[in-house]
Trainee: 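This is the structure I want to talk about, given as structure tokens.
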Amino acid sequence: MGFLRRHKGKLLASLLITLGIWFTLHKGGLKIVPEGGDFHAVRWWVLPLYVASLAGFSWFRTVRWRFLLRAVAEVPKKRLLAVSMIGFAAILLMPFRIGEFVRPYLIRTRPENRKPGDKTITMTAATSSVVAERIIDGLYLSIVLALALFLVPTVDPLPDRVVGIPVSVAHVRDGGYGMLVLFGVAFTTIAVFYFARSWAHRATLLVIGVVSRPLAEKLAGMAEKFADGLHVFSRGKDMAGFLFETTLYWGLNALGMWMLAWGCGVVHADGSAITFGETCALMGMLGCAIFIPGPPGMLGVFQAGIYAAMTMYYPTSIVIGPGAACVFLMYSSQVVFQLAAGGVGLLMERGGLKALEEAEGMGAAPADATQ
């Protein structure tokens with residue numbers, strides 16, 4: 001009940017978003033839950049392989065965090081795995097991605113566990129590492145999406161509208177390029193604050209200070225804290241390791257999606273199978289969609305992101321048939337896997353449930369970010 005009281009506004013807003021997306025998809029002929037006939041082409045032996053790919057890319061998604069934290073402290077992979085599994089499940093369950101605060105809260109060094117001479121991870125350091133991770137992921141994925149949109153052939157002519165959604169395909173493509181600009185600017189901003197902090201601070205005060213000096217000081221302070229997450233770029237070996245495992249993470253993600261889409265019978269009008277390049281476009285559009293804060297479980301946002309990409313490459317009959325089956329199996333597999341992994345993480349992390357309740361009780365941010 002405490003959770004409901006604290007987040008009733010966010011939960012109501014997320015419910016309205018979910019209902020709106022659900023209604024839009026249903027009105028357009030798309031289905032959150034496909035009909036039985038949509039599964040007629042599914043090769044069911046592919047599904048366990050897809051789940052195995054989820055385990056593979058989740059491993060690299062989890063353990064690469066050590067490179068971002070290494071400038072502060074060395075964290076064992078086992079603990080990173082437990083904390084991350086709990087955190088990713090929290091992101092899935094909580095609206096508007098407020099679960100993002102769970103991982104930093106769990107990984108920080110609690111005051112009672114601090115020992116003289118030991119390196120400690122503060123909440124600020126942990127949060128800045130997660131912010132850097134998210135921005136780098138967004139930039140990486142938007143580059144992949146932009147390359148796919150530019151290089152991979154689409155249906156000709158392109159439909160005016162996304163199947164089942166009152167959005168033009170041209171706007172979808174523009175949105176993909178727009179995400180590259182957005183994450184490019186975000187990365188450049190924190191990079192400048194990391195590599196040229198004094199100049200960036202003065203520039204912020206000079207530009208924003210014209211409007212409000214306190215606001216300029218606050219924005220500069222936030223950017224400086226977030227920029228600390230880029231310590232990995234000052235350590236060549238760690239940077240190479242992080243980028244390599246990030247590539248493995250997204251590569252396995254795309255490989256799993258490609259395999260599942262093929263196994264569900266997603267084909268072109270001429271019957272040829274989905275290509276890896278098209279899968280990268282689907283993954284990129286999905287990733288950009290779920291980066292946007294939304295409802296618990298990303299329900300509706302997840303489906304809309306993939307349907308938007310599918311419209312560019314496959315006929316409507318495929319999108320609303322085998323495509324719908326693919327989206328359903330992909331979504332349900334990820335949700336079940338993530339929740340199960342979160343449960344395992346709670347068993348592995350001593351005091352994890354208590355810490356999770358404390359982190360959730362913080363609301364939007366901790367009272368003292370240095371603890």
Trainee: With rounding to the nearest 0.5 Å, note down the distance linking CD1 in Ile135 to OG1 in Thr188.
Mentor: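 Rounded to the nearest 0.5 Å, the CD1-OG1 separation comes out at 10.0 Å.
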Trainee: How many angstroms lie between OH in Tyr140 and CG in Asp137, if you round to the nearest 0.5 Å?
Mentor: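 The OH atom of Tyr140 sits 9.5 Å away from the CG atom of Asp137.
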Trainee: Which heavy atom in Cys326 sits nearest to a heavy atom in Cys264, and how many Å separate them?
Mentor: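 In this case the closest contact between Cys326 and Cys264 is CA-SG, 3.6 Å.
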Trainee: Could you go step by step and tell me if Leu260 and Val266 meet the side chain to side chain contact (heavy atoms under 4.5 Å, CB included) rule?
Mentor: CA-CA 9 Å; Leu260 182 63; Val266 176; over 6 Å; no
Trainee: According to a 4.5 Å side-chain heavy-atom criterion applied to Ile, Leu, Val, Met, Phe, Trp and Tyr, with indirect links allowed, do Phe337 and Trp45 form part of one hydrophobic cluster?
Mentor: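 Yes, because Phe337 and Trp45 connect within a single hydrophobic cluster, where side-chain heavy atoms sit under 4.5 Å apart.
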Trainee: Can you tell me how far CG of Leu68 sits from NE2 of His231, rounded to the nearest 0.5 angstrom?
Mentor: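 The distance works out to 10.5 Å.
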Trainee: Between Arg61 and Asn253, does the side chain to side chain contact (heavy atoms under 4.5 Å, CB included) criterion hold? Intermediate values first, please.
Mentor: CA-CA 10 Å; Arg61 181 189 186 191; Asn253 196 342; over 6 Å; no
Trainee: Going only through I, L, V, M, F, W and Y residues with side-chain contacts under 4.5 Å, is there a path from Phe193 to Leu139?
Mentor: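 Shared cluster, no.
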Trainee: What heavy-atom pair brings Gly256 and Ser53 nearest, and what distance separates the two atoms?
Mentor: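 Smallest interatomic distance, heavy atoms only, reads CA-OG, 3.5 Å.
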Trainee: Give a yes or no answer on whether the side chain of His201 reaches the backbone of Ser198 with a donor-acceptor pair at less than 3.5 Å.
Mentor: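 Not at all, since once roles are kept as given, no pair shorter than 3.5 Å links the two residues.
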Trainee: Are the side chain of Ser58 and the backbone of Ala55 linked by a donor-acceptor contact shorter than 3.5 Å?
Mentor: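 Judged by distance alone, no pair lies under 3.5 Å.
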Trainee: With a 3.5 Å distance limit and no angle check, can you tell me whether Ser234 reaches the backbone of Leu230 through a side-chain donor-acceptor pair?
Mentor: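 Checked: no pair found.
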Trainee: How many angstroms lie between atom CZ of Phe88 and atom CD of Gln334, to the nearest 0.5 angstrom?
Mentor: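 So the CZ of Phe88 and the CD of Gln334 are separated by 12.5 Å.
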Trainee: Between Arg108 and Ala126 (side chain of the first, backbone of the second, donor and acceptor by atom type, cut-off under 3.5 Å), is there such a pair?
Mentor: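 Checking the backbone N and O of Ala126 against the side chain of Arg108, no donor-acceptor pair under 3.5 Å is found.
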Trainee: Can a donor-acceptor pair be found, under 3.5 Å and without considering hydrogens, that links the side chain of Thr127 to the backbone of Thr124?
Mentor: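 Not confirmed, Thr127 side chain does not pair with Thr124 backbone.
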Trainee: Quick check: do Arg235 and Phe67 have side-chain heavy atoms less than 4.5 Å from each other?
Mentor: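 A side-chain contact is absent here, since even the closest heavy-atom pair is not under 4.5 Å.
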Trainee: Between Thr275 and Tyr313, do the side chains contain an N or O donor and an N or O acceptor separated by less than 3.5 Å?
Mentor: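 Their side chains do not contain a donor-acceptor pair, so the 3.5 Å distance test is not met.
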Trainee: For the residue pair Trp44 and Phe39, does the interplanar ring angle fall in the parallel (under 30°), tilted (30 to 60°) or perpendicular (over 60°) class?
Mentor: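 Judged by the thresholds at 30° and 60°, the geometry between Trp44 and Phe39 is parallel.
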Trainee: What is the minimum heavy-atom distance between Leu145 and Met285, and which atoms define it?
Mentor: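 Minimum heavy-atom contact is CD1-N, 3.8 Å.
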Trainee: With a 4.5 Å limit on heavy-atom distance, are the side chains of Ile274 and Tyr314 in contact?
Mentor: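 When only atoms from C-beta onward are counted, Tyr314 and Ile274 do touch, with a gap below 4.5 Å.
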Trainee: Where do Val144 and Trp250 land on the side chain to side chain contact (heavy atoms under 4.5 Å, CB included) test, with the steps shown first?
Mentor: CA-CA 10 Å; Val144 171; Trp250 287 114; over 6 Å; no
Trainee: How long is the span from the CZ atom in Phe276 to the CE atom in Met283, to the nearest 0.5 Å?
Mentor: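 These two atoms lie 7.0 Å from each other.
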Trainee: Are any non-hydrogen side-chain atoms of Trp258 and Leu282 less than 4.5 angstrom apart?
Mentor: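 Trp258 vs Leu282: side chains apart.
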Trainee: Does Val335 belong to the same Ile/Leu/Val/Met/Phe/Trp/Tyr cluster as Leu54, with side-chain heavy atoms less than 4.5 Å apart forming each link?
Mentor: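 Yes.
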Trainee: What's the separation between atom CZ in Arg79 and atom CH2 in Trp65, rounded to the nearest 0.5 Å?
Mentor: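 It is 8.5 Å, given to the nearest 0.5 Å.
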Trainee: Do Phe150 and Val169 sit in one hydrophobic cluster, given that two such residues count as connected whenever their side-chain heavy atoms are within less than 4.5 Å of each other, even indirectly?
Mentor: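 Phe150 and Val169: one cluster.
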Trainee: Between Tyr331 and Phe302, how do the two ring planes meet: parallel, tilted or perpendicular, split at 30° and 60°?
Mentor: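 Perpendicular: the ring planes of Tyr331 and Phe302 meet at over 60°.
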Trainee: Answer yes if Met222 and Phe183 sit in the same cluster of Ile, Leu, Val, Met, Phe, Trp and Tyr residues linked by side chain heavy atoms under 4.5 Å apart, and no otherwise.
Mentor: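 Yes; Phe183 is reachable from Met222 via cluster members.
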Trainee: Is any side-chain heavy atom of Arg43 less than 4.5 Å from a side-chain heavy atom of Trp262?
Mentor: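 Of all side-chain heavy-atom pairs linking Trp262 with Arg43, at least one is under 4.5 Å.
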Trainee: Walk me through whether Ser333 and Leu47 qualify under side chain to side chain contact (heavy atoms under 4.5 Å, CB included).
Mentor: CA-CA 9 Å; Ser333 296; Leu47 191 57; 3.5 Å; yes
Trainee: Can you tell if the side chain of Leu81 reaches within under 4.5 Å of the side chain of Trp59, non-hydrogen atoms only?
Mentor: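 Answer yes - side chains close enough.
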Trainee: So which atom in Ala216 and which in Leu205 form the shortest heavy-atom distance, rounded to 0.1 Å?
Mentor: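 Closest approach of Ala216 to Leu205, heavy atoms only: CB-CD2, 3.7 Å.
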Trainee: Flag the pair Leu69 / Leu80 as yes when at least one side-chain heavy-atom distance between them is below 4.5 Å, and no otherwise.
Mentor: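 With C-beta onward as the side chain, the pair touches.
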Trainee: Would you check if Val46 and Met259 make a side-chain contact, meaning some heavy-atom pair closer than 4.5 Å?
Mentor: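 SC-SC contact between Val46 and Met259 confirmed.
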Trainee: Are the side chains of Tyr50 and Leu329 in contact, using a 4.5 Å heavy-atom criterion?
Mentor: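 Heavy-atom side-chain distance check fails, nothing below 4.5 Å.
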Trainee: Minimum heavy-atom separation for Arg197 and Ala227, please, with both atom names.
Mentor: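 Scanning both residues, the minimum pair turns out to be NH2-CB, 3.8 Å.
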Trainee: Looking only at heavy atoms, which two atoms of Ala82 and Met348 are closest? And how far apart?
Mentor: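 So the minimum-distance heavy-atom pair works out to CB-CB, 3.7 Å.
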Trainee: Find out whether the Lys NZ or Arg CZ of Arg173 is both under 6.0 angstrom from the six-membered ring centre of Tyr177 and within 45° of the ring's axis.
Mentor: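 No, Arg173 does not sit over the ring of Tyr177.
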